[in-house]
Each structure stands twice: as structure tokens, then as C-alpha cells.
Amino acid sequence: MIDNFIKNYLNHPKTYDEMFLNGDNYRNHYANFINNFSKESLENLNKKEELAKKLFMSQGITFTVYDSGEGIEKIFPFDIIPRIITSTEWLFIEKGIKQRLKALNLFLKDVYSNQFIIKDQIVPIDVIYSCPHFLREMHNVNVPHDIYIHIAGIDLIRDHDGTFYVLEDNLRTPSGVSYMLENREITKRLFPDLIPQCGVRSVTEYPALLYKNLMSLSPRAVSNPTIVLLSPGMYNSAYYEHTTLARLMGVELVEGRDLVVKDQKVFMKTTTGLQQVDVIYRRVDDDYLDPLVFNPNSVLGVAGLMGAYRKGNVAIVNAVGNGVADDKAVYTYVPDMIRYYLNEEPILKNVPTYQLSNRDELEHVFANINTMVIKKTNGSGGYGMLMGHAASEQETEAYKIEILKDPRNFIAQPTISLSSAPCFINGKLAPRRIDLRPFALNGPDGVSIVPGGLTRVALKEGSLVVNSSQGGGSKDTWVLTS
């Protein structure tokens, strides 16, 4: 059965394939999976794929797409073939992410206090001060344990030679961890024997690790601090994730209207009166957190929340103002941050990136625009990008006009091939491009990264865009034991 799959599998030229070396030869760490998978009939695999869809629908594992002007809930597409990572590869990834987060956290502490990195001209002052997510309201705010980044989703890709690159850092309200957890649960249902037989490490400890870190941040010395997950509400694209994480951690899921600030302390409204809140895991963006400080029209946040935060009466996860560290223009300087703060060479590479506010770099990008991917420095979800190799002349010219209006708002990167992985599509194995978002948790005891992450898949043939909002899906990510 599997022989037919392999013989008909067409690798992308000049692309690193996660499973196949070339032709019929597959990578050693997939051997155990292939030997077990080969016992499945095509009919059985089709049934399993159908079961996965039903499970996702029945459990409400959906996301919301806004680009049509109306919120449309969709099932998050799931591919039944796992992506497998060796223990050696994972050790490298883990070390690289820990190093990167350490430097980024030091950068946030520095940029909101002494600003040595600006004074020493490592990061230009105009790049920081022109960032819309640099919040002067956070200057000299004491953050518990000096931790700004409690939760990070670091997007990794592989180039044609298998080299890992960091595509972007998500340090504000990173999403996708619930899909990592659900993908594993679905895989256990579909292939109950495969995971133990292949020696796959567990990801299920994530909610317990997160809960432990949240507990440790309580400003009050109480045995059972009150932790809440603050959500914008059911119309948010990641609401499924908010409900899942609150349930798995056993904490209250609240919206802004459920909280009130009195005497610079935050309280939750309950049927028995007000209950003081110690830690807020917020999934509401900075701009909407406190209408007295940020957007005055916000109904998603809590009036007076920043006053309570500055006073040290409540912990907020992630810290307010982190957006200055994951701005795509600041991303260029992360390798320099690692050298500056840690006196180390970066373990994980950045994708080569051009700052379009630099005239020479802008001219180079315009001259080679067909080989570039251009992104907004504060865009997300795959929206607003120009894929130079796929854009028409008319689209390219219109995009150039937008860039020239505000070059600081754009960066450009050469088109990276992205590695491919086999996906079960229409009864056949077909290569599709993928990335990887491991989730790191930073607490007083250091950084923990559950062995796995969210592997996102560009399900459209030939596409390099993996975002769910752009037609992407995901697959289970297996990290093997040594």
C-alpha cells in the first residue's frame, strides 16, 4: 500500500522534504512511522480523514475568517500525516528559542528603562520610536520577575538545504496552542498504537506548565491566587482557544465587562460579590486593554486596569507593550540583540530582511521585486503581503505606491522555498509547504518548551502561505525521544 504512495510522490524541485530524501528514499526517522502506516488500506485512511473532520466539527474546533467582511466560522483543516522531528533537531530548536527569548526579554526591559541598546546605537532610535507598539506608558513599570514574555510562539521555516530560520516572533497574544493539543488528541483517536510505537514525546503538559507559571506571578502571597483568562468574546477568531485553555487550566474565562477596578485593584464580579483578581492571562490587544489609557472607545478592556498594573496589584500576561519586540522592522536587529545582551552568536538564523525605510535597500528590493516577499511591519495572519513571484505587474505597481507612502511600514525578504511534507489529499500523498510554531513558556524557573508545536500547512497546491485565514491547515507535530 505505502509503496504505491511513495512511487507516486512528486517532490518539489529544490525543496527540502521532511519525509523523503529523493525518489523512493525516505529519511531514517520516518521509518518506524512508515512501517506501521503501510498496514493501512486506502479505504481505511479515507475513513480516518472523514472521522477527523467530524471530530473537529463536533468539538467546535474552528476559527473565524474576517476577510469577506462577515465573520465565517470554518473547521481548521487537519492533515492526518504527522510531521516528525528528530530529538537532535529538537534540541537545536529548543536551544535557539531559549537564547532568542532571553535576549528579547532583556531588550524589552532595557527599552522600557535605561535604553542602553539605543544609546550604544545597536538599534536605531527612530526604529523604536516610530513603532506603533512602543508604549511610553510602560516606561519604568516594574514587571514581576522582570518577565515580559511569558508566552511566545516563534515561527520557524526550513530553506531548501534544511536550515532552520526564524520567520517571525509572536510575543503579544500568540495563538494556535489549542490546535497543537487537539491535533495530538485527534491523532491518538486515529492511530492509537502509532504514537507509543514511534516513541513520540508528549505535549499534553502545556496547560499545567502555563498554570504553574501564572500561579507564580501572583502579587499576593496567597495559596490559591485568582487567575482569569480575559477574552474579547465569542466573535474573536481565537475564541475556541480561549475557552479550551480556560477549561484545561481550570480558570475563569472572563470578558472586560466581568471585571472592575476599585482602589487600584482588579475584581471579578461573581454571584457572591467581588473577588480580587491576581493574574490576568489576556487575549485582548494592548490598544483595547484600558479605555482610560489607550483606545477610549474600547469596550473589551477594563477602565483603570493599567493603574492597577503599574501599582503592582495585578499581573498581566503577556506584559503590556511587547509589540515593540515583535515588530517586523525590529526583527532585523534580534541577532544584534543576542550578541549585545548575551555576548553569544545566534543559534537560529533570521531570514535576510530589507528595511524599506533605507533608501539603498528600497531600491534593491524594487529592482528585484519578483524574487521578494513584502510584508507590513505590523501585519499578521498573512494579510497585506505581496508575493513577488506570484503578483501581476498591476498588483506590484500598486503595492510600490503604498510602500512609498510610508516605507517604515514595510520590510522585504527573499522568497524562501519552505520545506514540504507529505499530506493525504484526495486519497494520495502530495507535498505541501509547512512551517512550525513551537510554544515557549517563560516563568521564574526559566523557559520551558513542550516538545512539538503547531505545524501549519499551505494546503493550496504551490502556495507558500500557511496561515489558516489564507486557506492553510495543520498537522500533528511529533518530536521523537532519543
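Just so it is clear, the structure is predicted and the values come from calculations on it, not from any experiment.
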If you draw a 6.0 Å radius around [atom1] in [X], do more than 12 non-hydrogen atoms from other residues or ligands fall strictly inside?
| X | atom1 | value |
| --- | --- | --- |
| N426 | CG | no |
| N343 | CG | no |
| K212 | NZ | no |
| K375 | NZ | yes |
| R339 | CZ | yes |
| E361 | CD | yes |

Any sub-3.5 Å donor-acceptor pair from [X]'s side-chain atoms to [Y]'s backbone N or O?
| X | Y | answer |
| --- | --- | --- |
| N183 | S474 | no |
| R282 | A319 | yes |
| T415 | T371 | yes |
| R432 | I425 | no |
| N358 | Y354 | no |
| N442 | H150 | no |
| D155 | L167 | no |
| D120 | I122 | no |
| N213 | P444 | no |

Checklist line | side chain to side chain contact (heavy atoms under 4.5 Å, CB included) partners for S448, two or more places apart | finding: L209
Note to self: Going by the rule side chain to side chain contact (heavy atoms under 4.5 Å, CB included), which residues pair with E43 if we only count those two or more places apart in sequence or in a different chain?
What the structure shows: S41, K47
Would you indicate whether the side-chain heavy atoms of [Y] and [X] approach each other to under 4.5 Å?
| X | Y | answer |
| --- | --- | --- |
| E241 | V177 | yes |
| P407 | Q355 | no |
| L194 | T187 | no |
| M372 | H364 | yes |
| Y331 | L104 | no |
| R437 | I154 | no |
| L171 | Y148 | no |
| E344 | Q99 | yes |

Sequence neighbours excluded, which residues qualify as ring pair (Phe, Tyr, Trp, His ring centres under 6.0 Å) partners of [X]?
| X | result |
| --- | --- |
| Y340 | none |
| F191 | none |
| Y399 | F410 |

Margin query: Between the side chains of E89 and R158, is the shortest nitrogen-to-carboxylate-oxygen separation below 4.0 Å, so that they form an ion pair?
Written below: yes
Next item on the list: Please determine if R408 and D327 form a salt bridge, counting it only when a charged side-chain N lies under 4.0 Å from a carboxylate O.
Entry: yes
State, to 0.1 Å, how close [X] and [Y] come at their nearest heavy-atom pair, and which atoms those are.
| X | Y | value |
| --- | --- | --- |
| I97 | P438 | CD1-CG, 3.7 Å |
| L362 | L356 | CB-O, 3.7 Å |
| K328 | T332 | O-OG1, 3.9 Å |
| P232 | V284 | N-CG2, 3.8 Å |
| P422 | D17 | CD-OD2, 4.1 Å |
| L190 | A52 | CD1-CB, 4.1 Å |

Margin query: I'd like to know whether Y281 forms a side-chain hydrogen bond (donor to acceptor under 3.5 Å, both in side chains) with N318, so could you lay out the CA-CA distance, the side-chain angles of the two residues, the decisive distance to 0.1 Å, and finally the verdict.
Written below: CA-CA 7 Å; Y281 172 25; N318 277 336; over 6 Å; no
Next item on the list: Would you check, one step at a time, whether the test side-chain hydrogen bond (donor to acceptor under 3.5 Å, both in side chains) holds for N105 with R100?
Entry: CA-CA 9 Å; N105 202 78; R100 196 172 177 95; over 6 Å; no
For the atom pair [atom1] ([X]) and [atom2] ([Y]), what is the distance rounded to the nearest 0.5 Å?
| X | Y | atom1 | atom2 | result |
| --- | --- | --- | --- | --- |
| Y30 | N25 | OH | CG | 15.5 Å |
| T244 | M249 | OG1 | CE | 10.5 Å |
| K376 | N409 | NZ | CG | 6.5 Å |
| N350 | D169 | CG | CG | 7.5 Å |
| D435 | L464 | CG | CG | 11.0 Å |
| W90 | T481 | CH2 | OG1 | 14.5 Å |

Note to self: Could you check whether R27 makes a cation-pi contact with Y16, meaning its NZ or CZ is under 6.0 Å from the centre of the six-membered ring and within 45° of the ring axis?
What the structure shows: yes
Next item on the list: Test I434 against every option in T455, I157, D79, L418 by the side chain to side chain contact (heavy atoms under 4.5 Å, CB included) rule and name the one that passes.
Entry: T455
Next item on the list: For side-chain hydrogen bond (donor to acceptor under 3.5 Å, both in side chains), just list the numbers for E40 and N44, CA-CA rounded to whole Å, side-chain angles, deciding distance to a tenth of an Å, and then say yes or no.
Entry: CA-CA 6 Å; E40 302 281 350; N44 215 15; 2.8 Å; yes
Checklist line | Side-chain donor-acceptor pair present, T86, T88, cut-off under 3.5 Å | finding: no
Note to self: I'd like to know if the side chain of D326 pairs up with that of N322 as donor and acceptor (distance under 3.5 Å, no hydrogens or angles considered).
What the structure shows: no
Check: Where does the angle between the aromatic ring planes of F134 and Y112 fall among parallel (under 30°), tilted (30 to 60°) and perpendicular (over 60°)?
Finding: parallel
Margin query: Are F37 and F33, when compared by the centres of their aromatic rings, separated by less than 6.0 Å?
Written below: yes
Next item on the list: Check the pair Y240 / E182 against side-chain hydrogen bond (donor to acceptor under 3.5 Å, both in side chains), numbers first and verdict last.
Entry: CA-CA 11 Å; Y240 167 77; E182 291 296 350; 2.7 Å; yes
Next item on the list: Name all residues meeting the salt bridge (charged side-chain N to carboxylate O under 4.0 Å, His left out) criterion together with K400; count only those two or more places apart in sequence or in a different chain, and write none if there are none.
Entry: E397
